[in-house]
Amino acid sequence: MTTKTTSAPSASSATKVGRPGFAWALPAAVFFALFAVTPLIMVAVLSFTSWDGIGSPEFAGMDNWSRLMDDPVMLKSVWLTLLLTVLGVVIQTPLSILLGVWAAGHQRNRAVLSVIYFVPLLLSATAVSVLWRALLDPNFGIPAEAAWLFGDGNLFGEQATAIGVLAFVSTWQFTPFHTLIYQGAARAVPQVLYQAAEIDGAGRYRQFFHITLPQLRNSMITSMILMIVGGLTTFETVLILTQGGPGTDTTISAYYMYDKAFKGFDFGAGSAIALALVVAATVISLVVVRVSGYDKMRSTMEGVS
């Protein structure tokens with residue numbers, strides 16, 4: 001009786017099989033080049049021109065950049081953008097961690113409550129902004145029915161309350177997304193760590209601060225980077241809720257870019273603001289990655305078998 005032996009695939013055949021890899025990635029690369037790289041290059045070029053959207057752009061050198069540096073509204077918009085970004089990180093991070101760890105557990109009715117809580121993820125930023133604009137309307141919304149709490153009800157009439165509304169709406173919409181990140185990370189924590197901690201007499205709080213949080217470190221950095229980039233580029237919420245008002249008290253940089261380009265027909269200055277936002281978001285993200293050590297890609301489960 002003879003038996004057939006199957007030989008292992010040769011290196012040459014494996015190479016041949018792997019050759020179409022670039023072809024599979026080509027459509028994504030072309031899509032990225034057309035809709036990301038090309039527009040970015042065009043914006044960079046326009047930032048050094050003077051163009052009202054009609055006719056041909058004229059080279060203006062550093063004129064747009066110098067005007068923005070001396071523009072008090074631009075400087076104010078940078079401060080407001082940083083403020084809303086910091087508020088988003090400070091408020092959403094602890095909420096997302098607590099809710100994510102809770103959603104990763106086995107509590108009663110956890111699944112039903114989690115589904116209800118994640119509903120804002122199904123809505124666009126525009127839909128969420130329209131919803132809260134109607135709910136917070138000073139004449140027909142919640143403030144009109146609760147004057148004892150909201151006073152005259154015009155939450156969009158003062159800078160402090162308007163910024164508070166923007167921070168609240170952003171938190172309501174995006175916290176579920178970051179909660180989902182932490183939920184997945186919390187479920188990946190090896191149970192053997194908690195079992196060993198229980199044997200050593202560690203309670204629930206000590207387990208959370210000494211096991212859960214350290215294991216969520218990489219997810220926390222990822223979530224914070226997404227919050228920072230999202231905070232620097234948020235636009236729809238301000239456009240629909242406050243339109244930069246009252247006055248320019250909530251005019252963040254992304255909205256000021258829209259105001260300059262599509263309302264003032266100064267596409268050169270608008271492109272300069274857009275390019276500055278891209279550079280700022282990239283630099284801040286790289287700094288966070290470098291300072292946190294995330295670029296080393298150290299596993300949080302070393303030594304766990």
Side-chain angles (χ1 to χ4, degrees), residues 83-137 140-143 145-146 149-150 155-156 161-191 193-194 203-242 288 300:
L83 175 62
L84 284 173
T85 301
V86 171
L87 285 176
V89 173
V90 171
I91 297 174
Q92 293 180 42
T93 298
L95 280 177
S96 301
I97 292 175
L98 293 176
L99 290 170
V101 172
W102 173 83
H106 304 282
Q107 299 86 352
R108 185 179 180 183
N109 298 324
R110 175 195 56 79
V112 176
L113 293 175
S114 296
V115 169
I116 296 174
Y117 180 72
F118 290 137
V119 166
L121 284 176
L122 305 177
L123 305 176
S124 66
T126 302
V128 169
S129 301
V130 171
L131 170 66
W132 282 105
R133 179 70 193 186
L135 289 176
L136 298 177
D137 186 276
F140 308 103
I142 297 174
E145 302 297 330
L149 178 62
F150 296 100
L155 299 179
F156 304 103
T161 53
I163 291 176
V165 169
L166 292 175
F168 168 78
V169 172
S170 296
T171 299
W172 185 84
Q173 181 183 7
F174 295 113
T175 298
F177 171 76
H178 298 282
T179 296
L180 197 60
I181 295 176
Y182 290 118
Q183 179 184 7
R187 286 183 175 176
V189 178
Q191 292 299 312
L193 298 178
Y194 296 107
R204 180 176 300 179
Y205 294 102
R206 293 189 64 184
Q207 290 180 26
F208 176 78
F209 286 104
H210 295 280
I211 297 177
T212 305
L213 277 184
Q215 293 292 314
L216 297 179
R217 177 173 174 269
N218 290 341
S219 298
M220 192 181 305
I221 297 169
T222 302
S223 175
M224 289 178 63
I225 291 175
L226 292 174
M227 289 180 187
I228 292 171
V229 174
L232 293 176
T233 58
T234 186
F235 169 72
E236 303 99 320
T237 307
V238 176
L239 174 66
I240 296 174
L241 285 176
T242 66
V288 171
T300 57

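Bear in mind the structure is a predicted one, so any value in this text is a computation, not a measurement. Just so you know, residue 1 is the first one in the sequence shown, and it goes up from there.
With contacts defined as side-chain heavy-atom distances shorter than 4.5 Å, the pair Val165/Phe168 does not qualify. Side-chain contact between Trp172 and Leu131 is present, with at least one heavy-atom pair separated by less than 4.5 Å. Counting heavy atoms from C-beta outward, Tyr182 and Leu99 have side chains that stay 4.5 Å or more apart. Within the 4.5 Å cutoff, the side chain of Leu83 has no heavy atoms near those of the Val86 side chain. Side chains of Ile142 and Phe150 form a contact here, defined as non-hydrogen atoms less than 4.5 Å apart. Inter-residue side-chain proximity for Thr93 and Met224 is flagged as met; some heavy-atom pair is nearer than 4.5 Å. Counting heavy atoms from C-beta outward, Leu226 and Phe174 have side chains that stay 4.5 Å or more apart.
The two residues Phe208 and Ile97 make their nearest non-hydrogen contact at CZ-CG2, 4.0 Å. Closest heavy-atom contact between Ser223 and His178: OG-ND1, 2.7 Å. The heavy-atom pair separating Val101 from Ala186 by the smallest distance is CA-CB, 4.2 Å. Contact record, Gln215 with Pro190: OE1-CD, 4.3 Å, taken as the closest heavy-atom pair. The shortest heavy-atom contact between Thr85 and Leu232 is OG1-N, 3.7 Å. Contact record, Phe209 with Pro214: O-CD, 3.5 Å, taken as the closest heavy-atom pair.
To the nearest 0.5 angstrom, Leu98 atom CG is 11.0 Å from Thr212 atom OG1. Atoms CG and CD1, from Leu87 and Ile163 in turn, are 8.0 Å apart once rounded to the nearest 0.5 Å. Leu123 contributes atom CG, which lies 10.5 Å from atom OG of Ser129 (distance to the nearest 0.5 angstrom). Summarising the geometry, atom CE belonging to Met227 is positioned 10.5 Å from atom CD1 belonging to Ile91; distances are rounded to the nearest 0.5 Å. For the atom pair CG of Leu216 and CD of Gln183, the computed distance is 12.0 Å after rounding to the nearest 0.5 Å.
Counted by atom type alone, Thr175 and Tyr117 present zero donor-acceptor pairs between their side chains at under 3.5 Å.
Although no hydrogens or angles enter the test, the distance criterion places a donor-acceptor pair under 3.5 Å between the side chain of Thr171 and the main chain of Ala167. In this structure a side-chain-to-backbone donor-acceptor pair under 3.5 Å is present from Thr161 to Leu155.
Counted within 6.0 Å of CZ on Arg187, heavy atoms from surrounding residues, nucleotides or ligands total more than 12; the atom is thus considered enclosed. Few gaps surround CZ on Phe235; more than 12 heavy atoms of other groups in view lie less than 6.0 Å from it. With a 6.0 Å radius and a threshold of 12 heavy atoms from other residues, nucleotides or ligands, Met220 has its CE atom above the threshold.
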### Query
Does the pair Leu113 and Trp102 meet the rule for a side chain to side chain contact (heavy atoms under 4.5 Å, CB included), with working shown?
CA-CA 11 Å; Leu113 293 175; Trp102 173 83; 3.9 Å; yes
### Task
Using the side chain to side chain contact (heavy atoms under 4.5 Å, CB included) rule, take Thr179 and Phe118 through it: C-alpha gap first, then chi angles, then the decisive distance, then the call.
CA-CA 9 Å; Thr179 296; Phe118 290 137; 4.0 Å; yes
### Message
The test is side chain to side chain contact (heavy atoms under 4.5 Å, CB included); show your working for Thr237 and Thr234 and say whether it passes.
### Response
CA-CA 7 Å; Thr237 307; Thr234 186; 4.0 Å; yes
### Task
Start with the C-alpha distance between Arg133 and Phe156, add both sets of side-chain angles, then the distance that settles side chain to side chain contact (heavy atoms under 4.5 Å, CB included), and finish with yes or no.
CA-CA 10 Å; Arg133 179 70 193 186; Phe156 304 103; 3.3 Å; yes
